[in-house]
Protein chains: 2
Amino acid sequence: MLPDTLTFAPRNCGDCPIRHRAVCARCDADELTKLDQIKYYRSFSAGQSVIWSGDNMDFVGSVVSGIATLTQTMEDGRTQMVGLLLPSDFVGRPGRNQAAYDVVAVSDLVMCCFRKAPFEQMMTETPHIAQRLLQMTLDELDAAREWMLVLGRKTAREKIASLLSIIASRNATLEMATASGEMVFDLPLTREAMADYLGLTLETVSRQISALKRDGVIVLEGKRRVTVPDFDRLMEEAGDDSDGGILS
Amino acid sequence: MLPDTLTFAPRNCGDCPIRHRAVCARCDADELTKLDQIKYYRSFSAGQSVIWSGDNMDFVGSVVSGIATLTQTMEDGRTQMVGLLLPSDFVGRPGRNQAAYDVVAVSDLVMCCFRKAPFEQMMTETPHIAQRLLQMTLDELDAAREWMLVLGRKTAREKIASLLSIIASRNATLEMATASGEMVFDLPLTREAMADYLGLTLETVSRQISALKRDGVIVLEGKRRVTVPDFDRLMEEAGDDSDGGILS
DNA sequence: GTCGTCGTTTGATCTGGGTCAAAGTCAGAC
DNA sequence: GTCTGACTTTGACCCAGATCAAACGACGAC
């Protein structure tokens, strides 16, 4: 457990893998030095809980590596995932002391944390941080609204295809993309987590994945490794405009 | 049509009904003067479209009075509401030129608009605006996540109860609250719009409203005026923690 | 090796909410 | 007044996805 995650810690921000995408993306060298002074790393192993809804939360931070989920739970145990946190995503809300959601590490996870008070202080002093945070929050809001369409109006099959295309394209920027147009990636989530993401049961998730496999939309190696032979086909199955609507 | 909405326009920001809740809330007198110079009002009558998804959008703005909806539409016509815009809510995204959603006036509507370029200019100069916009965006993100739980995991009855309690509590701050603990308000949405909000069909909305009425959770006068005799009961029906979880 | 656990698949059955259809209510136009 | 159209309600029926249940596969502990 906790293999080299602790030794992982990049000593200075210049070497950080998320330097140009996280909340610090716009900071100049000076600002980075200041951040460097108040930052600290925390590691979590897969399955571990980062924070519980309602807990006192005295830090904010960025996911450096690994994946975490943001979920909401009803009294009777029904749960809905409301955020999927990938490297560079921000956790916590400046100006709030209590966590509003459960945060759980889905894989081994490293976070770059800042104590809340000094971070909020810095936010007022260095507009670059607030600017970047606004941009990231607006992006998250757009993602949440896309997700609302998925939850409210798509069929189970479309939901699965949507999730697969989201994961595929989030990874696309990073790696993968087998020249030939094929895409290969590992599902970071269990069937149950996918069900929580999509407002389904895990059985339905399993059945629809099997169906997409049977129909040749995806190819599976084992239970986690997915190959998408034709991404446009997957987008069609997701019910999305195939000519990916250009925003921004 | 378009009754006194145009003459409505408050001449200066000091008199504005949303002065202390909109994106300008934190501005001081100086900043307000600058905003005053670049603002203009636009009126829309009920049912009119403010902007279509994909349209070029050269302004941003705040809802001054009236109600509008933000919706997404799939190619085959399925629609999902992704935002309900009440007075003081912000429309548009700085740094984006195309509208991402359809915006439709549900009632007669007055908006306070700013051309995008000067507004973005001001945002970089006066941190008060960006600060407030960040706060508002974070609030919207929280609301979107709450909404995701509703869409993904609640039953039709719970969905209706949730919507009613959201509308009730959004209004609560303003007016209403019959001392006795009763709440009375008008539904601003048609059954169809409620269905779009909740990921249901209008028939199901109608049936569930009838059921809540039959069970005494709400009382209807006509089709739009709602009385809630016992708000805690309504919250229970919504499946929410009755002891309203305190965040912030 | 066996056992236990966790994640997954598959089958059988049930049901909440969708779909199709018809009729009711109300406000504004004429 | 009555006609029209928008909105709403209610009924009958059906199906996608939930629920209940069983079994399978992979992996780590022993």
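Separating the CZ atom of R191(B) from the P atom of dT10(D) is a distance of 10 Å, rounded to the nearest angstrom. Distance CD (Q208(B)) to P (dG11(D)): 14 Å, rounded to an integer number of Å. Distance CD1 (I209(B)) to C1' (dC7(D)): 12 Å, rounded to an integer number of Å. Atom CG of D76(B) and atom P of dG18(C) are 15 Å apart (whole Å). Summarising the geometry, the separation between CZ on R225(A) and P on dT8(C) is reported as 16 Å, rounded to the nearest angstrom. Atoms CG (L220(A)) and P (dG7(C)) sit 18 Å apart, rounded to a whole Å. The distance from atom NZ of K223(A) to atom P of dG7(C) is 13 Å, rounded to the nearest whole Å. Separating the CZ atom of R224(B) from the P atom of dA27(C) is a distance of 12 Å, rounded to the nearest angstrom.
Across all strands, L200(B) comes closer than 4.0 Å only to sugar-phosphate atoms, never to a base (heavy-atom distances). Using a 4.0 Å heavy-atom criterion, one finds that G47(A) contacts no nucleic acid atom at all. Using a 4.0 Å heavy-atom distance criterion, R157(B) is classed as making no nucleic acid contact.
The R207(B) side chain lies nearest to dG11(D) when the options are dG11(D), dT9(D), dG18(C). In the set dT8(C), dT9(C), dG17(D), the nucleotide with an atom closest to the side chain of A156(A) is dG17(D). Residue T190(B) has its side chain nearest to dT8(D) when only dT8(D), dT8(C), dG18(C) are considered. When distances run from any side-chain atom of L202(A) to the nucleotides dT9(C), dT9(D), dG18(C), the shortest one goes to dT9(C). Among dT10(D), dT8(D), dG17(C), the nucleotide with an atom closest to any side-chain atom of E203(B) is dT10(D). Taking every side-chain heavy atom of T155(B) into account, dG17(C) is the closest of dT9(C), dG17(C), dT9(D).
For the pair R145(A) and Y101(B), the cation-pi test (distance below 6.0 Å, angle within 45°) is passed.
In this model, the phosphate group of dT8(C) is not approached by any side-chain N or O of S206(A) to a distance below 4.0 Å at OP1 or OP2. Here T204(B) reaches the OP1 or OP2 of dG18(C): one of its side-chain N or O atoms lies under 4.0 Å away.
The two atoms that bring C113(B) and R42(B) nearest to each other are SG-CD, 3.9 Å, heavy atoms only. Between G83(A) and W147(A), the shortest heavy-atom contact is N-CH2, 3.5 Å.
Between the side chains of S45(A) and Q48(A), a donor-acceptor pair is found at a separation under 3.5 Å. Side chain to side chain, T79(B) and D196(B) meet the donor-acceptor criterion of an N or O pair below 3.5 Å.
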